[in-house]
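Residue numbers begin at 1 in each chain, while the letters A, B, ... track the order of the sequences. FYI, side chains are in, hydrogens and waters are out, and symmetry mates aren't considered; it's all heavy atoms of this structure.
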Amino acid sequence: MTDTTKLSRRSVLKGATATAAFAAGSTLGAPMIWAQNIKDITLRQFGTGVSNLNEVAQKVKEDLGFTLEMTALDTDSVTQRAATQPNSFDIADIEYFICKKVWAAGNLQAMDTTKLENYDKIVGIFKTGKLNDDSVIAQGTAPHTVGFTTGQHGTEFVQEESGWMTLIPTIYNADTLGIRPDLIGRPIKNWSELLNPEFKGKASILDISSIGIMDMAMVVESMGEYTYPDKGNMTRDEIDMTLALFTEAKKNGQFRAFWKSFDESVNLMASGEVVIQSMWSPAITAVKSRGIDCVYQPLEEGYRSWGGGLGISNALSGIELDAAYEYINWYLSGWVGGFLMRQGYYSAVPETSKAFMSDNEWGYWFEGKPATDVITSPQGDPLAQAGDLRDGGSFEERMGSVACWNSVMDENQYMVRKWNEFIAA
Amino acid sequence: MNPSAARLSSRRRAAPFPESVAMQSRPNLAGWLMVSPLALVLAVFLVAPIVLIAVVSFWTATEFSIVPAFSWENYDFLFGSSVTYRVFLNTFKYAAIVWALTFLIGFTVAYYLAFHIRTQTWQIALFLLCTIPFWTSNIIRMISWIPFLGRNGIANSALLSWGVIDAPLEWLLFSDFAVILAFVHLYTLFMVVPIFNTMMRIDKPLIEAARDAGASGPQILWNVILPLTKPGIMIGTIFVVTLVMGDFITVRFMSGSQSANVGRLISNDIALLQYPSASATAIVLLATVLLTIGILLRFVDIRKEL
């Protein structure tokens, strides 16, 4: 914490004692004791652009009364900050594979699941790794493998529900390739199409090593070049082979550009520079809301999935820690979930989000049913007309065919260097 | 632009030459005290960070931390990878091409301003006109090329509608062409300013004398103006070469992340938390740039000429 916030915390605590004395005799609930003082609290959250939305900060101010400061960064910068600048944040909105990288740095503290009101309703993917009892756990850094630890300051991950969560799951999705059907003009069914010479100079892949390598692995398997024992944990030889294949494609002019930030991917697609590329769901939404035809194409080999969650800084304690719990409980209580699901993500507690979505929206986004009316983005731009179906179908269909999760490999450092060479080649 | 203002005013101040010589010949306590604030600032903000970078370049890194050590690993990896050599070569390629183009354009513009515009008012007015693009951020000036050069951009649609081409030109954007175009656009002024400045100081009678002695226009340009403009050219060269060699953002945006120079190598390393490796690359780049400037300075003694 910075000095200024420390000072304000002291004054807050002083106020809290007074209010507590007043409230002790009344029938107010426990969190309400400090409800008067929580207004002075500021929680600083950082994360990738996907969930660091100003709308969320505004709603927090309305519903909970305290201030949430948001900083949106790209994936690499998020990792960097979580690992190296523990004093610069209170809440870390990070992905599970980043958690695997940075947890050992000791900048985050685990959360007590008994304090989470909706813990029981969190989907199985984040607790047991299985969507349903008969699901197969996908390759890579599946969220449940880095989701629990031994205690509040535990350093090791444990594989069972220990009652101490490293990250509180918030959003997740199944990613695939985005295409411009109007410029391609034929069905796309496989990941291998990314390297199809037909799209020479019109393909793109994202320049974020830990995600990009997984997309590459999906392509390599789809081309029939190689089947990885575990895509999420490649050997050096496998890394060399994968990147060599893509370096060759790069030199042959397969790629128009590589993208690093969300906006770049939107611009590449919307301008028609690229017709097939790795993409994130809201980027598709953004392209569509400009009135341009863009499909998040389900592919036979399945999806590359990712999950994000909120972590609490190790420096938080007392009333600020309480505020953080309050915020997280609010996060899971549905409004944010509904907001994010209207952009094509999934909420970790879909049940609660349902109340914040219309039947039409719930049917379209979650159940994969035809829209009964116009579907709009949270900002009000129309995304789909009555009768349209979501690309890939229902939650079960999409999250049920996840082939791998974004990961950190044992050979990560080697991979990173090789990736750097690929970009420079 | 600031450098131009500084240069112009330094010219005026440097005019009473004997005085500054006298200052130099009396190094005493007051003199030492007068330089110490600057020396201190440079030591803290320039020397210390560079020393730190040099130290870190020998450390090792794990996923989430950097470990103090003395290891040649980073340099080993750097010099052991063929990509490094290719990237350095690419960096020099950009520097050389951009230098040649900015020099040609910069020299022509400065020559026109200095010798073809007769009144000083107009010279200053036109010179200020050259600096107008610098009123916006260089990132914006660079990015505005992207929609212009794109596959469906203004350049391609114009060429298509004139019937010059049948299909959009792919190499306009996300190519070396785009990178060099952006560099030239961004940095030509750094060539114009110093060259214009030295040209303004050329004694006009020298040119008249050359003409009286029977020299033709090209001969005057080659034998009189060019040699006298050397210090300005050299200063412009140092600006352009160091800017191009240290750049990473222009290369990233204009090549669509497809080409690399050393700056990008460093920025990728930093993004991936490989600080020691980034430091090692930075040290090698620094040495390369200093070496390049050292060689350039062998051609012209800037201090003597100023």
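Comment: B:Glu170 does not engage A:Lys200 in a salt bridge, judged by the lack of any side-chain N to carboxylate O separation of less than 4.0 angstrom. Salt bridge A:Glu421/B:Arg264: absent, no basic N to carboxylate O contact under 4.0 Å.
A pairwise comparison of heavy atoms in A:Ala257 and B:Gln258 identifies N-NE2, 3.6 Å as the closest pair. Residues B:Asn152 and A:Glu273 come closest through the heavy atom pair N-OE2, 4.4 Å. The shortest heavy-atom contact between A:Arg417 and B:Ser277 is NH2-CB, 3.6 Å. Residues B:Val83 and A:Ala424 approach most closely at CG1-CB, 3.6 Å, considering heavy atoms.
For A:Asp207 (side chain) and B:Ser257 (main-chain N/O), no donor-acceptor pair under 3.5 Å exists by modelled atom type. In this structure, the side chain of A:Arg256 does not engage the main chain of B:Phe174 through any donor-acceptor pair within 3.5 Å.
If you measure heavy-atom distances from B:Ile146 to chain A, you find no contacts under 4.5 Å at all. Using a 4.5 Å cut-off between heavy atoms, A:Leu268 contacts chain B through its side chain alone, with no backbone atom that close. In this structure, no portion of A:Val78 lies under 4.5 Å from any heavy atom of chain B. For B:Asp269, the parts lying under 4.5 angstrom from a heavy atom of chain A are both the backbone and the side chain. Using a 4.5 Å cut-off between heavy atoms, A:Lys251 touches chain B through its side chain atoms alone.
Shown here is A:Arg186, whose CZ atom has more than 12 heavy atoms of other residues, nucleotides or ligands within 6.0 Å. Within a 6.0 Å radius of OH in B:Tyr85, other residues, nucleotides and ligands contribute more than 12 heavy atoms. The environment of B:Phe70 atom CZ is dense: over 12 non-hydrogen atoms of other residues, nucleotides or ligands sit within 6.0 angstrom.
For chain A, the option among B:Leu265, B:Val87, B:Leu173 with the highest count of heavy-atom pairs below 4.5 Å is B:Leu173.
Atom CD of residue A:Gln80 and atom OH of residue B:Tyr275 lie 3.5 Å apart, to the nearest 0.5 angstrom.
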